[in-house]
Amino acid sequence: MISLKKRFVKKIRSGIIISSMACLFQSQYIRAQTTYHAPGVSVFQANDVRLDPSWIKSREELNTRYLLTLDADRLLHNFKINAGLTSQSKPLGGWEAPDIGLRGHFTGHYLSAVALLVEQHKNPLLRQRLIYIVDELYKCQQALGKGYLSAFPERDFDTLEKTFGNVWAPYYTYHKIMQGLLDVYTHTGNEKAYDMVNQMASYVQNRMARLDQQSIEKILYTVGANPANEVGPMNEVMYNLYHVSHKPEHLVLAKLFDRDWFFRPLAENQDILSGLHSNTHLVLVNGFAQRAFTTGESVYLDAAKNFWNMLMHHHAYANGSSSGPRPNVTSPTSLTAEHWGVPDHLSNTMTKEIAESCVSHNSQKLTSYLFCQDQQPAYAETYMNTFYNAVMALQNGNTGAVVYHLPLGSPREKKFLKDDDFRCCNGTSIEAFASLNKGIYYHDAAAVWINLYVPSTLNWKEHKFILQQEGNFPADSTVTFTIKSAKAKALKLNFLIPGWAEGTAVYINGKLEADSPSAGTYLSINRNWKAGDQIKLVFHYRFYLKTMPDDENVFAIFYGPTLLAAETDTEFILKGTKQEILKNLIPEGSDVFKLRNADNTFTLRPLYEISNQTYGVYATLRNY
């Protein structure tokens with residue numbers, strides 16, 4: 001770790017950091033607590049869950065094939081040029097172009113995504129490529145000195161510290177590299193990557209140590225439209241690093257990025273989201289959740305829960321996605337995209353650029369964190385909804401291309417990003433589709449929670465317990481679980497019974513259980529399992545509508561867990577009553593539905609099946 005200047009004398013006594021630097025890092029956060037307060041349950045690790053052949057597995061494979069097409073030297077080009085090293089490769093395009101402030105961010109996402117896949121599948125080509133990229137980035141870091149590693153020059157940080165803007169989000173991009181290297185270490189054991197991320201943390205620590213509190217506050221105050229000082233989840237990556245390193249200075253640095261101006265209102269349950277840039281602030285809340293788990297400070301968990309309730313109940317669309325036009329428009333982007341608006345005012349926000357993909361993915365992360373804390377079915381249902389109807393819907397099921405935004409009005413199109421157009425959202429998406437096996441199963445010491453119905457095999461090595469899940473959910477409402485291996489001890493299995501379930505039949509070893517579990521709860525079965533035991537769930541679907549909070553005549557149509565989209569090149573306008581609309585919806589196959597309405601017949605499909613068709617999600621009821 002890089003030494004601090006002599007005037008910053010560091011002593012560590014009983015977990016207390018005593019230094020001038022620490023005082024600059026917020027005096028109220030001097031105590032560095034070293035106890036990790038793990039939440040109630042944990043998500044299984046990447047190599048514990050294998051996706052089995054299914055349409056979900058096919059989406060993962062599309063993503064993996066794309067990752068294999070990327071040239072490692074092109075991913076490294078800007079880093080090498082910035083470090084004064086030679087590169088003959090063609091630079092990437094989009095936001096990775098040599099003159100763009102965010103250059104380097106996609107490489108960080110790539111490191112995270114490939115690390116996950118290497119842990120799961122042991123792909124030798126991806127493993128070798130990962131090692132090569134880390135080795136080359138190490139050369140860049142050594143050439144730059146002081147632990148600094150980025151594809152943009154240090155002067156971007158100088159500009160940020162002098163003007164508190166006028167540069168494009170250097171901490172956002174720096175975080176991506178840090179998190180990518182940390183993921184390489186935690187998922188593949190690459191010690192060089194771990195050393196590099198520690199050096200990067202020291203670099204930030206030393207920069208911040210030179211600043212006074214007023215300057216730090218201005219640097220991290222991000223209330224404007226599309227804030228140029230967006231910091232990304234710097235707090236979260238530092239908490240993640242602290243969990244591995246147990247170095248008190250990492251905890252202090254993590255807390256530095258938790259700003260009171262944003263945290264305090266959330267802790268007091270004040271909805272201050274209107275006008276804020278969505279992904280800038282959502283990821284900070286993920287950091288708040290990590291702080292609560294790390295230090296046991298329940299007020300940070302309260303803030304995260306309050307935020308989640310505000311977001312999902314007052315700012316989110318029917319599929320759990322959010323972001324759109326800003327109430328006070330001050331930039332071209334804020335006219336249509338990326339911000340939160342007035343609570344419960346959504347019907348007039350459906351531009352062609354709502355529901356940023358980064359926001360959907362990071363919302364899922366927060367939902368998962370909160371589920372780990374208290375296992376509420378509402379979190380699991382929201383995760384499932386976002387998984388199928390926001391995340392899976394952002395990828396083209398034929399090509400693997402992804403969207404920046406997922407519009408839900410009518411008529412709309414999915415604008416898939418081109419191969420060389422590297423934006424924040426295809427960076428986030430390659431991570432999302434490399435981690436589709438996460439969020440299916442959770443556990444504590446003696447129980448498993450099954451939250452997604454995805455064909456997969458869970459191998460809980462500690463208990464020598466192997467569970468295989470089969471089916472074609474959600475197109476087919478039957479899901480079967482078979483115990484392949486089990487110790488001779490009791491183990492509880494908790495199956496999510498979502499609120500949309502219109503009755504659920506449960507069969508254990510072929511016998512129909514007398515009682516149907518209630519919707520919106522967990523079906524818990526506790527017994528001594530043995531190999532060959534089988535549980536079958538048969539969900540009963542129904543059509544239902546989710547209306548806009550500010551206009552009951554604007555609504556989305558669901559069939560069980562699935563959000564439907566009408567194939568239409570005009571506005572999706574319906575007549576009659578809602579009851580009549582529901583009555584005239586008819587399934588025609590597993591993923592095709594018909595709606596007869598007035599003189600029209602609409603064809604509807606799951607939103608995740610829409611690729612190049614013009615479509616509409618929210619319908620408007622007009623009887624005049």
Side-chain angles (χ1 to χ4, degrees), residues 55-56 58-63 65-66 93-95 106 109 278-279 316-325 333 335-338 346 349-364 385-433 436 474-475 546 556-559 561-572 591-593 602-620:
W55 72 277
I56 301 290
S58 296
R59 297 295 189 93
E60 180 201 71
E61 291 171 342
L62 282 171
N63 185 58
R65 287 199 289 271
Y66 169 67
W95 291 352
F106 185 85
H109 286 294
S278 304
N279 203 52
Y317 299 103
N319 63 344
S321 64
S322 68
S323 80
T333 299
L335 176 65
T336 59
E338 296 192 10
L346 292 172
T349 66
M350 289 188 293
T351 70
K352 296 178 181 180
E353 295 183 321
I354 64 169
E356 184 184 356
S357 297
C358 288
V359 175
S360 296
H361 174 66
N362 287 313
S363 297
Q364 264 197 309
N385 182 33
T386 309
F387 179 86
Y388 287 110
N389 300 315
V391 174
M392 300 308 296
L394 66 86
Q395 185 197 52
N396 187 315
N398 300 313
T399 68
V402 298
V403 297
Y404 192 131
H405 306 284
L406 185 64
L408 301 174
S410 65
R412 294 290 184 260
E413 294 177 272
K414 293 182 181 179
K415 299 290 186 181
F416 295 105
L417 293 168
K418 299 186 184 304
D419 287 346
D420 202 39
D421 189 8
F422 293 90
R423 307 292 181 103
C424 58
C425 286
N426 49 3
T428 299
S429 296
I430 62 172
E431 288 191 54
F433 286 90
L436 295 178
K546 285 188 179 181
I557 302 172
F558 281 76
Y559 183 60
T562 306
L563 175 61
L564 303 180
E567 295 180 348
T568 178
D569 57 6
T570 62
E571 285 192 71
F572 190 19
D591 61 357
V592 180
F593 305 83
F602 294 95
T603 298
L604 290 82
R605 299 182 186 277
L607 182 59
Y608 58 72
E609 291 288 352
I610 296 291
S611 54
N612 299 317
Q613 308 99 310
T614 305
Y615 67 93
V617 172
Y618 275 99
T620 301

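Annotation: side chain of Y559 is not in contact with side chain of P606 (no heavy-atom distance under 4.5 Å). Contact check for I56 versus M392: side-chain heavy atoms found under the 4.5 Å cut-off. K352 is not listed as a side-chain neighbour of K415, based on a closest heavy-atom distance of 4.5 Å or more. With a 4.5 Å cut-off on side-chain heavy atoms, N398 and N612 do not count as touching. Counting heavy atoms from C-beta outward, F416 and T399 have side chains that stay 4.5 Å or more apart. Looking at heavy atoms from C-beta onward, Y66 lies out of side-chain contact with F433 at the 4.5 angstrom threshold.
Closest of all the heavy-atom pairs between K414 and A393 is NZ-O, 2.7 Å. Contact between L563 and I557 at its shortest, heavy atoms only, is CD1-O, 3.7 Å. Nearest heavy atoms, T349 versus P325: O-CD, 3.3 Å. In terms of heavy-atom proximity, A432 sits nearest to V391 at CB-CG1, 4.3 Å. Across all their heavy atoms, N63 and S429 have their closest contact at OD1-O, 4.3 Å. When every heavy atom of A475 is checked against every heavy atom of Y608, the shortest pair comes out as N-OH, 4.5 Å.
For CD of E571, the number of neighbouring non-hydrogen atoms (other residues, nucleotides, ligands) closer than 6.0 Å is 12 at most.
Between Y404 and W95, the angle of the ring planes goes over 60°, which puts this pair in the perpendicular group of the 30/60° scheme.
Judged by distance alone, the side chain of S410 and the main-chain N or O of G616 form no donor-acceptor pair under 3.5 Å. The backbone N or O of N319 sits nowhere less than 3.5 Å from a side-chain atom of N389 that would complete a donor-acceptor pair. Side chain of N426 to main chain of D421: a donor-acceptor pair is present (N/O by atom type, distance under 3.5 Å, no hydrogens or angles). Under the 3.5 Å distance criterion, the side-chain polar atoms of Y618 are matched with a main-chain donor or acceptor of A318. Side-chain atoms of S357 come within 3.5 Å of backbone N or O of V403 as a donor-acceptor pair. A distance-only check finds no donor-acceptor pair linking the side chain of E356 to the backbone of I354 [under 3.5 Å].
Summarising the geometry, atom CZ belonging to F558 is positioned 8.5 Å from atom CG belonging to L564; distances are rounded to the nearest 0.5 Å. To the nearest 0.5 Å, atoms CG (L408) and OG (S321) are separated by 5.0 Å. Distance OG1/T336 to CE/M350: 14.5 Å, rounded to 0.5 Å. Remark: Q395 CD to R59 CZ distance equals 5.0 Å, nearest 0.5 Å. Interatomic distance, C425 SG to H405 NE2, rounded to the nearest 0.5 Å: 6.5 Å. Expressed to the nearest 0.5 Å, how far CG of D591 lies from OG1 of T562 amounts to 9.5 Å.
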Step-by-step side-chain contact (heavy atoms from CB on, under 4.5 Å) determination, S278 to E338: CA-CA 6 Å; S278 304; E338 296 192 10; 5.7 Å; no
Chi angles and distances behind the side-chain contact (heavy atoms from CB on, under 4.5 Å) call for L604, E567: CA-CA 6 Å; L604 290 82; E567 295 180 348; over 6 Å; no
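Two rings, from F602 and F572, have their centers less than 6.0 Å apart.
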